[in-house]
Protein chains: 2
Amino acid sequence: MGVTIHDVARAAGVSVASASRALSGRRKVTPEIAERVARAAAELGYQPNAVAKALRDQTTGTIGMVVPGIGNPFFTTIVEAVERELQNSGTDLLLCASQYSPQVEARRLETLLARRVDGLIISPCDIEASVPAVLDAARRVPLVQLDRYIEGGGADWVGVDDEAGLALAVDHVIAGGARSVVFAGSRLVSSSARLRLSGFERAAARAGVEVLPPLLGEFTLEWGIEAGRGLLDAGRLPDAVVCANDEIAVGLVRSLRFGGARVPEDVAVVGFDDVGHATMCDPPLSTVRQPVEEMAAEAVRLLGQLKAGDPRPAQRIAIAPRLVVRQTSRPVAAGVEG
Amino acid sequence: MGVTIHDVARAAGVSVASASRALSGRRKVTPEIAERVARAAAELGYQPNAVAKALRDQTTGTIGMVVPGIGNPFFTTIVEAVERELQNSGTDLLLCASQYSPQVEARRLETLLARRVDGLIISPCDIEASVPAVLDAARRVPLVQLDRYIEGGGADWVGVDDEAGLALAVDHVIAGGARSVVFAGSRLVSSSARLRLSGFERAAARAGVEVLPPLLGEFTLEWGIEAGRGLLDAGRLPDAVVCANDEIAVGLVRSLRFGGARVPEDVAVVGFDDVGHATMCDPPLSTVRQPVEEMAAEAVRLLGQLKAGDPRPAQRIAIAPRLVVRQTSRPVAAGVEG
DNA sequence: ATCGATCGGGTAATCGATTACCCGAGTTTC
DNA sequence: GAAACTCGGGTAATCGATTACCCGATCGAT
C-alpha cells in the first residue's frame with residue numbers, strides 16, 4: 001500500500017505542489033506538467049489518501065446514520081433511500097445499528113463523531129434514554145432525526161405524519177362498517193409507538209366507535225401472533241384491528257385465520273409502513289404507506305442546510321402518508337392497489 | 001468542533017507528549033500529571049480525532065463490506081452477523097451496497113480503499129464482471145469473499161457448501177416420494193446461481209429421477225410467482241420444485257396454490273437460505289439453512305490472518321448447511337422444525 | 001526602458017495524534 | 001567518587017494532501 005503524491009511528483013520530476021495542482025485542477029499548470037503528472041499517476045496507480053485529505057480539509061465527505069436495527073425491513077428501506085439520495089452528492093454513508101439499545105447507540109455515536117463525520121442521521125431507539133447522547137451529538141455536528149425522535153425537541157426531525165396516517169386507517173375501517181376497533185402496537189418506548197396510539201385514539205374518539213383496550217408489545221411478527229391469540233381468547237372479536245406496523249399486522253392476520261376468524265369478513269386488519277412484507281403476505285395487507293423516499297430526501301436536504309450547534313429553533317417536518325387498500329380490509333370508494 | 005490534545009496539554013500545564021502518554025497509558029507518567037491531564041480532558045470534553053490517529057498509525061480500525069443489496073434479507077442477516085462478530089474487536093464496519101451493478105461495486109471498492117480500510121469483505125455481484133475490481137482490491141488490502149465469489153480463484157472465500165445443500169434438498173423430496181423434479185433459480189450470473197444449479201443436477205442424476213428443464217430468472221419473489229405460473233401453464237406439474245432461495249420458493253408456493261395446486265400434496269417445494277421469509281410465509285417453508293453465523297465468524301477470522309497481497313494460495317472454506325423441514329414438503333424421519 | 005501585473009512553479013506550514021530522540025535528575029555499582 | 005543506568009519529561013519529526021506565501025520570468029503599457 002502507499003504510493004503518495006510525493007512519489008508521483010518525483011516520478012514526474014516536479015514539486016508536490018505542482019502534482020497536487022495538476023491532479024486537482026484547482027490551479028493552472030502548463031500542459032506539459034499536467035501531462036507528465038497524469039502519466040506518472042497512472043503508471044504508479046496513485047490513489048489519493050482520503051484520510052490525509054480529511055485531516056487537512058477538516059471534512060470527511062461522510063455522514064453517519066444510526067438506526068435501531070437493519071433486520072427490520074422498514075429501516076433497511078429508509079437506509080436505501082438515504083443512500084440513493086446521497087449518491088450524487090459524493091458523500092458516503094457510515095451505517096450503524098444500535099440494536100435497540102441506548103448504550104450501544106451512544107457508543108456508536110461516539111465513534112462516528114470520533115471519525116469526524118460531516119453530519120448525522122439518526123432514528124433514536126428510545127424516546128427517553130436516547131436523549132443525552134442525541135443532544136450531545138447535535139451540539140457537535142449537524143444532526144437530523146429520521147422516523148423516530150427524542151422527547152423534548154432540541155433536534156430537527158423528519159418523519160411521517162403518524163396522526164394523519166392513523167386517521168386514514170381508522171376512517172377507512174369505519175367506512176367499511178366497523179363499529180368496534182382495537183389498536184395493536186408497541187410498548188411506548190419510541191415516539192412512533194406513542195404517536196400512533198394517540199393518533200388512533202383521537203381518530204376513533206372523533207368517529208364515536210367503541211374502542212377496546214390497546215394491545216401493546218413489540219414491533220414484531222411474534223407479538224402480532226400473540227396479540228391475535230389474545231383477541232381470540234377474549235371471546236369477542238372487534239370489527240377491526242389497526243396495527244402500528246406491518247409485521248404486527250401480518251402476525252395478527254395469521255393467528256386470527258389460524259383460529260378460524262375470517263379476514264376481512266369477521267375482522268378487518270390494517271397495517272402501517274408498507275415495506276416488503278405487505279405485498280408478500282397472503283392475503284396482501286391493507287396498510288398505510290410511509291413516504292420513505294420523500295422522508296429521506298427531506299432529511300438529506302435539511303442536513304445540508306444545518307450548521308453544527310446552530311441555535312436556530314429545531315424544525316419538525318411531518319410528511320403525509322397514503323392509504324393502500326389491499327385485501328385485509330373491506331374496500332370502499334377510495335384506495336389504491338399498490 | 002475541535003478540542004485537540006494541544007488544548008488538553010495546555011490546560012493541564014504539560015507537553016503534548018505527556019498528555020498523550022497520560023491518556024493512552026502507553027508510557028508511565030507521574031500520578032500528578034495523570035490526574036491533571038485526566039481532569040483537563042474531562043472538563044474540555046476532549047475526544048481524540050480518529051482521522052489524525054489513522055493517518056499517523058496507518059490503520060483506520062475499519063473494515064469495508066460490499067454486498068449486492070441490503071434489501072435482500074439474506075444479505076442483511078449476514079451483515080448483522082459480521083457486525084456482531086466485529087463488535088468485540090473494536091473495528092467498525094463501513095457498509096456499502098453495489099445495487100447488483102459491477103460498476104457501482106467497483107466505485108464503492110475504490111472509495112473504501114481511498115478511505116484506507118484495514119480489510120474488505122465482499123460478496124461480488126457478478127461472477128465475471130466483478131473480477132478485475134475484486135482482484136485489484138485484494139492486491140492492496142486483505143480481502144475475503146463471503147457467499148458469492150468471482151471465477152478463477154485468486155481471492156479467499158467463505159461460504160455455504162451449495163453442493164451439499166442441494167443434495168440435502170433433492171434427497172429429502174425424493175425420500176418424500178418425488179419421481180420428477182425441477183429447479184427454480186436465477187440466471188447464472190453469480191457463483192451461487194451456478195453452484196446451486198449444478199448441485200441440483202448432480203444430486204438428481206445420482207438419484208435417477210426425472211429432471212425437467214430448469215427455470216432460471218432472478219432471486220426474487222416476483223420471479224418465483226412467474227415460475228409457478230409457468231409450471232401450471234405447462235400442464236404437467238413435477239412432484240417437487242427445489243428453489244435457489246427462499247424468496248423464489250415463497251412466490252412459487254403462492255402462485256401454485258393460487259392456481260389450485262396443493263402444496264405439499266401435489267407439489268413439494270423446498271427453499272434455500274432460511275432467513276426471515278421462510279417462517280413468515282404461510283405455510284412455513286421447508287428450506288436449507290445457511291450457517292450464517294459460522295460463515296461470518298470464519299470470514300472475520302480469516303481476514304484477521306491475511307496480509308495484503310500475500311502470495312499464499314487462496315483458501316476456500318465451504319461450511320455445511322442444514323435441512324429444515326417445515327410444511328411445504330412431506331416430512332420424513334429426519335428434519336428439525338425451526 | 002521601466003514599472004506593474006500576471007502567470008506558474010517551488011518551499012514549507014498546516015491539520016492532530018503519536019513517538020523517536022534527547023536531556024537532566026536521581027540511583028546504583030564498583 | 002565516578003561511570004552506568006533508570007525514570008520521566010519535553011521537542012520535534014512523522015503520516016499525506018493541500019495551499020499560503022514567495023519568487024522569478026514574461027508581457028503590456030507608458
Side-chain angles (χ1 to χ4, degrees), chain A residues 1-38 40-41 44-62 90 110-111 113-118 140-141, chain B residues 1-38 40-41 44-62 90 110-111 113-118 140-141:
Chain A
M1 245 355 273
V3 16
T4 75
I5 199 162
H6 286 86
D7 302 326
V8 174
R10 195 173 325 118
V14 299
S15 73
V16 287
S18 292
S20 175
R21 301 205 257 253
L23 291 168
S24 74
R26 303 169 73 72
R27 239 188 70 180
K28 285 246 304 266
V29 292
T30 53
E32 134 117 62
I33 286 188
E35 158 68 15
R36 288 221 308 273
V37 170
L44 297 175
Y46 169 70
Q47 188 194 31
N49 183 325
V51 175
K53 186 175 159 65
L55 180 60
R56 162 75 213 214
D57 295 353
Q58 299 288 35
T59 169
T60 53
T62 297
E110 277 302 303
T111 66
L113 288 171
R115 289 188 193 286
R116 298 296 191 266
V117 292
D118 297 336
R140 295 158 68 169
V141 86
Chain B
M1 248 350 280
V3 16
T4 75
I5 199 164
H6 286 86
D7 302 327
V8 173
R10 195 173 326 117
V14 300
S15 72
V16 287
S18 292
S20 176
R21 301 205 258 252
L23 290 168
S24 73
R26 303 169 74 72
R27 240 188 70 179
K28 286 243 306 261
V29 292
T30 53
E32 133 116 61
I33 287 189
E35 159 66 16
R36 289 222 306 275
V37 170
L44 297 174
Y46 169 70
Q47 189 194 29
N49 182 325
V51 175
K53 186 175 160 64
L55 179 60
R56 162 74 214 218
D57 296 352
Q58 299 286 57
T59 169
T60 53
T62 296
E110 276 302 303
T111 65
L113 288 171
R115 289 188 192 288
R116 298 296 190 265
V117 292
D118 297 336
R140 295 156 69 169
V141 87

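Keep in mind that this is a model prediction, so the values were computed, not measured. A, B, ... follow the sequence lines: proteins, then strands. Residue 1 opens every chain.
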Between atom CG of D118(A) and atom CZ of R116(A), what is the distance when rounded to the nearest 0.5 Å? 11.5 Å

Which part of the nucleic acid, if any, lies within reach of S20(B) when heavy atoms closer than 4.0 Å are counted: base, sugar-phosphate only, or nothing? base

It should be established whether S15(A) places a side-chain nitrogen or oxygen under 4.0 Å from OP1 or OP2 of nucleotide dT11(C). no

Quick one: which of dG9(D), dG9(C), dG10(C) gets closest to the side chain of T30(B)? dG9(D)

With nearest nucleotides of DNA chain D determined for A17(B) and A17(A) from heavy-atom distances, which residue corresponds to the more 5′ nucleotide? A17(B)

What distance do N49(B) atom CG and I5(B) atom CD1 have between them, rounded to the nearest 0.5 Å? 11.0 Å

Just compare dT11(D), dG16(D), dA17(C) and give me whichever is closest to any side-chain atom of T4(A). dG16(D)

Whole angstrom is fine here: how far is it from NE2 in H6(B) over to C1' in dA13(D)? 12 Å

Which part of the nucleic acid, if any, lies within contact of V51(A), taking any heavy atom under 4.0 Å across all strands shown: a base, the sugar-phosphate backbone alone, or nothing? nothing

Taken to the nearest whole Å, CG/L23(A) to P/dT19(D) is 13 Å

Using a strict heavy-atom distance below 4.0 Å, which residues from residues 52-59 of chain B are in contact with DNA chain C? A52(B), K53(B), R56(B), D57(B)

Shortest non-hydrogen contact from L44(A) toward V3(A): O-CG1, 3.5 Å

Polar pair under 3.5 Å, donor/acceptor by atom type, side chain R27(A), base dG8(C): yes

Please confirm whether the shortest side-chain N or O distance from S18(B) to OP1 or OP2 of dG10(D) is below 4.0 Å. yes

Spatial distance of atom CG (L55(B)) from atom NZ (K53(A)) [nearest 0.5 Å]: 14.0 Å

For a quick check, tell me whether the side chain of R116(B) and the base of dG16(D) share a donor-acceptor pair closer than 3.5 Å. no

On the nucleotide dA17(C), are OP1 or OP2 found under 4.0 Å from the side-chain N or O atoms that Y46(B) carries? yes

What integer distance in Å separates D7(B):CG from dG16(C):P? 9 Å

Donor-acceptor contact present, side-chain S24(B) to main-chain S20(B), <3.5 Å: yes

Rounded to the nearest Å, what distance is computed from the CG atom of residue L44(B) to the C1' atom of nucleotide dA17(C)? 16 Å

Distance col, row S15(B):OG vs R10(B):CZ, nearest 0.5 angstrom, shows 13.0 Å

Report the distance from atom CZ of R10(A) to atom P of dT11(C), rounded to the nearest whole Å. 13 Å

Pick base, sugar-phosphate or nothing for R26(B), based on heavy-atom distances below 4.0 Å to the nucleic acid. sugar-phosphate

R21(A), nearest nucleotide to its side chain (from dC21(D), dT19(C), dA17(D)): dC21(D)

Distance in Å, R115(A) CZ paired with T62(A) OG1, rounded so as to fall on 0.5 Å steps: 10.0 Å

